[in-house]
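Below you'll find the structure, written out as structure tokens, and then a few comments.
Only heavy atoms go into these numbers, but all of them, side chains included; no hydrogens, no water, no symmetry mates. Just so it is clear, the model here is predicted, and its values are computed rather than measured. In each ligand, atom 1 is the first atom listed, and ligand 1 is the first ligand listed.
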Amino acid sequence: KNIPAAKIATMPNTTTIPLGASTKPETIEDMAGNWSNFKFAPIHESQVSRAMTRRYFADLDKYAESDIVIVGAGSCGLSAAYTLAKARPDLKIAIIEASVSPGGGAWLGGQLFSAMIMRKPADAFLREIGVPYEDEGPDSAYVVVKHAALFTSTVLSKVLQFPNVKLFNATAVEDLITRTDDNGNIRIAGVVTNWTLVTMHHDDQSCMDPNTINAPLIVSTTGHDGPFGAFCAKRLVSMQHNALPALGGMRGLDMNTAEDAIVKGTREIVPGLIIGGMELSEVDGANRMGPTFGAMALSGVKAAEEALRVFEQ
Ligand code: AHZ
């Protein structure tokens, strides 16, 4: 309000500046060696704000009623999202990720090591998404991706390019929407969300009610118990859902049993809620597998298959 009227009159008209109006030269090669004449396309700050906010709020509006919500964008959730979005481009798929950075624990292979181990036959998923890997031979039980970030960034970039997928990151699922039929059976009918920073401050700030997304099907892949982990499984227990009276509790590490159990066990736990990845270890009392990621990719594939089966019923 302190800007003089004359100055405002000389500001570019925000509605008529086409974005990129003066972006000549058009290629990086054109720019090389010509930096003294370099200039960005002129812009008014509100154009930037509006370009972001109108898309975000349009997405909130569009995905308030989704077909499938995936909770947690770790290796399992992203693999599920990829498989689902590819199989059914007609479905609206919202991914809710509590962290600013999607990927969960899949940015490193284990401890602080770069290489990611995928036990065979999960190498099929790497071929599907086009991630190169080393194979130590036909007798080897595993293949190696040279950096876990290569897997995660590839599957993430593919998921984000599907036009029917929206990732809401920095957003936490903080409750489930439920419906009870005349016989007292509970069906999950959506998720209750909030900005993660808000969710983290419910103890010291008041009146921060959440937002909602309705969906007939939720795929929860929030990982094992941790600051946010195993969220939907824990919520089923706390709401005294008779299908999950108590958590099984993740067991100690046993690669051989853990990976098979997680893939095979990925299923609809209660009507409307599929649980996969390491969240399932908390439901079933399955072992952990440590730094081998094949079960996460294939649990994601199975979660997608289960989702499509339920959806197509
Ligand atoms: O931020 C979490 C992470 O990105 C997200 N998340 C958790 N709670 C959430 C909530 N709302 C929204 N309430 C939430 N997002 O879920 C993601 C979980 O990713 P992850 O990598 O922790 O789980 P995963 O099951 O996809 O992969 C597990 C990888 C592991 S753990 C393990 C072991 O401990 O032995 N071994 C493997 C391979």
Side-chain angles (χ1 to χ4, degrees), residues 69-82 94-111 113 115-119 122 125 142 145 148-149 151-152 155-156 159 167-176 190-200 202 210-211 213 218-236 238 249-259 261-263 265-266 273-284 286-303:
V69 175
I70 297 174
V71 189
S75 45
C76 182
L78 289 173
S79 303
Y82 170 85
I95 308 175
I96 311 297
E97 168 51 52
S99 175
V100 171
S101 51
W107 291 107
L108 288 165
Q111 201 162 309
F113 307 134
M116 174 183 261
I117 309 302
M118 286 263 179
R119 262 173 78 200
F125 191 73
Y142 59 86
V145 180
F151 168 80
T152 300
V155 67
L156 181 60
V159 164
L167 167 67
F168 295 96
N169 45 336
T171 304
V173 167
E174 56 177 43
D175 208 344
L176 299 169
V191 292
V192 176
T193 63
N194 221 324
W195 313 120
T196 303
L197 291 177
V198 172
T199 299
M200 290 165 72
H202 283 308
N211 195 10
I213 299 180
I218 310 303
V219 177
S220 187
T221 60
T222 64
H224 59 67
D225 201 5
F228 281 100
F231 180 82
C232 293
K234 286 194 278 192
R235 189 66 186 103
L236 287 180
S238 68
M250 185 179 74
R251 304 293 158 84
L253 194 154
D254 180 348
M255 284 184 190
N256 279 303
T257 58
E259 292 214 271
I262 295 296
V263 176
T266 298
L273 178 65
I274 291 165
I275 295 187
M278 284 310 281
E279 182 168 356
L280 194 68
S281 72
E282 300 288 357
V283 174
D284 288 347
N287 293 95
R288 68 194 298 192
M289 70 289 296
T292 62
F293 284 82
M296 296 304 110
L298 296 187
S299 172
V301 172
K302 173 112 188 290

Exercise. Examine distances only and state if a side-chain atom of Ser238 and a backbone atom of Arg235 form a donor-acceptor pair shorter than 3.5 Å.
Key: yes
Quiz item: What heavy-atom pair brings Thr221 and Glu279 nearest, and what distance separates the two atoms?
Solution: N-OE1, 3.6 Å
Quiz item: Near Gly104, which atoms of ligand 1 are under 4.0 Å from a heavy atom of that residue?
Solution: 3 (C), 4 (O), 19 (O), 21 (O)
Practice problem: Just need the protein heavy atom nearest to atom 32 (C) of ligand 1, so name the residue and atom and give the distance. | Solution: Gly290 O, 3.9 Å
Practice problem: With rounding to the nearest 0.5 Å, note down the distance linking OG1 in Thr222 to CD in Glu97. | Solution: 10.0 Å
Practice problem: Starting from the C-alpha separation in whole Å, work towards a yes-or-no answer on side chain to side chain donor-acceptor pair (under 3.5 Å) for Thr171 and Thr193. | Solution: CA-CA 7 Å; Thr171 304; Thr193 63; over 6 Å; no
Practice problem: Using atom types as modelled and distance alone, determine if a side-chain donor or acceptor of Lys302 lies under 3.5 Å from a backbone N or O of Gly265. | Solution: no
Practice problem: State the CG-OG1 distance between Leu108 and Thr152, to the nearest 0.5 angstrom. | Solution: 9.0 Å
Exercise. Enumerate the atoms of ligand 1 whose separation from the nearest heavy atom of Gly277 is less than 4.0 angstrom.
Key: 25 (O)
Quiz item: Short N/O distance, under 3.5 Å, between Gly103 and ligand 1?
Solution: no
Self-check item: Heavy atom of the protein closest to atom 19 (O) of ligand 1 (residue, atom name, distance)
Solution: Gly74 CA, 3.4 Å
Exercise. Please state whether Ser75 comes within less than 4.0 angstrom of ligand 1, counting heavy atoms only.
Key: yes
Quiz item: If only atom types and distance count, is the side chain of Ser299 paired as donor or acceptor with the main-chain N or O of Val263 below 3.5 Å?
Solution: no
Self-check item: Nearest heavy atoms of Pro102 and Leu167, plus distance in Å
Solution: CG-CD2, 3.8 Å
Quiz item: If you measure every N/O of Phe231 against every N/O of ligand 1, is any gap under 3.5 Å?
Solution: no
Quiz item: So which protein heavy atom does atom 20 (P) of ligand 1 come closest to, and at what separation?
Solution: Gly105 N, 4.0 Å
Quiz prompt | Taking atom 25 (O) of ligand 1 as the reference point, the nearest protein heavy atom with its distance | solution = Met278 N, 2.9 Å
Self-check item: Glu97, Met118, Lys234: member with heavy atom nearest to atom 2 (C) of ligand 1
Solution: Glu97
Exercise. Please indicate whether any nitrogen or oxygen in Gly229 is less than 3.5 Å from any nitrogen or oxygen in ligand 1.
Key: no
Quiz item: Which ligand 1 atoms does Val71 reach within 4.0 Å, using its non-hydrogen atoms?
Solution: 11 (N), 12 (C)
Practice problem: Scan Asn256, Asp254, Thr257 and name whichever one has a side-chain hydrogen bond (donor to acceptor under 3.5 Å, both in side chains) with Asn287. | Solution: Thr257
Practice problem: State the atoms of ligand 1, each with its element, that fall below the 4.0 Å cut-off from a heavy-atom position in Cys76. | Solution: 26 (O)
Practice problem: May I ask you to list the atoms of ligand 1 that are less than 4.0 angstrom from any heavy atom of Ala172? | Solution: 11 (N)
Quiz item: Who gets closest to atom 13 (N) of ligand 1 by heavy atom: Ile262, Val173, Asp225?
Solution: Val173
Quiz item: Taking the minimum heavy-atom distance to atom 6 (N) of ligand 1, which of Thr222, Leu253, Asp254, Thr193 ranks first?
Solution: Thr222
Practice problem: Heavy-atom contacts with Gly223 under 4.0 Å: which atoms of ligand 1 show up? List them by number with element. | Solution: 18 (C), 22 (O), 23 (O), 25 (O)
Quiz prompt | Atoms in ligand 1 flagged as close to Thr292, the criterion being non-hydrogen separation under 4.0 Å | solution = 38 (C)
Quiz prompt | ligand 1 contact on His224 by region, counting heavy-atom pairs under 4.0 Å | solution = side chain
Self-check item: Heavy-atom closest pair, residues Ser75 and Phe293
Solution: OG-CD2, 3.7 Å
Quiz item: Should the heavy atoms of other residues, nucleotides or ligands under 6.0 Å from OH of Tyr142 be counted, would the total exceed 12?
Solution: no
Exercise. For Phe231 and Ser220, run side-chain contact (heavy atoms from CB on, under 4.5 Å): C-alpha distance rounded to whole Å, both residues' side-chain angles, the deciding distance at 0.1 Å, then the answer.
Key: CA-CA 8 Å; Phe231 180 82; Ser220 187; 5.7 Å; no
Exercise. Would you check the N or O atoms of Ala98, main chain and side chain alike, for any that come under 3.5 Å of an N or O of ligand 1?
Key: yes
Quiz item: Does an N or O anywhere in Thr171 fall below 3.5 Å from an N or O of ligand 1?
Solution: no
Practice problem: Among all protein heavy atoms, pick the one closest to atom 16 (O) of ligand 1 and tell me residue, atom and distance. | Solution: Gly72 CA, 3.2 Å
Self-check item: Asn194: which of Val192, Leu197, Thr196, Val198 passes side-chain contact (heavy atoms from CB on, under 4.5 Å)
Solution: Val198
Self-check item: Per-atom contacts of ligand 1 with Arg288, taking only distances under 4.0 Å to non-hydrogen atoms
Solution: 33 (C), 34 (O), 35 (O)
Quiz prompt | atom 27 (O) of ligand 1 [closest protein heavy-atom partner, distance rounded to 0.1 Å] | solution = Met296 SD, 3.3 Å
Quiz item: Has the side chain of Glu282 got a donor or acceptor atom that lies under 3.5 Å from a matching backbone atom of His224?
Solution: no
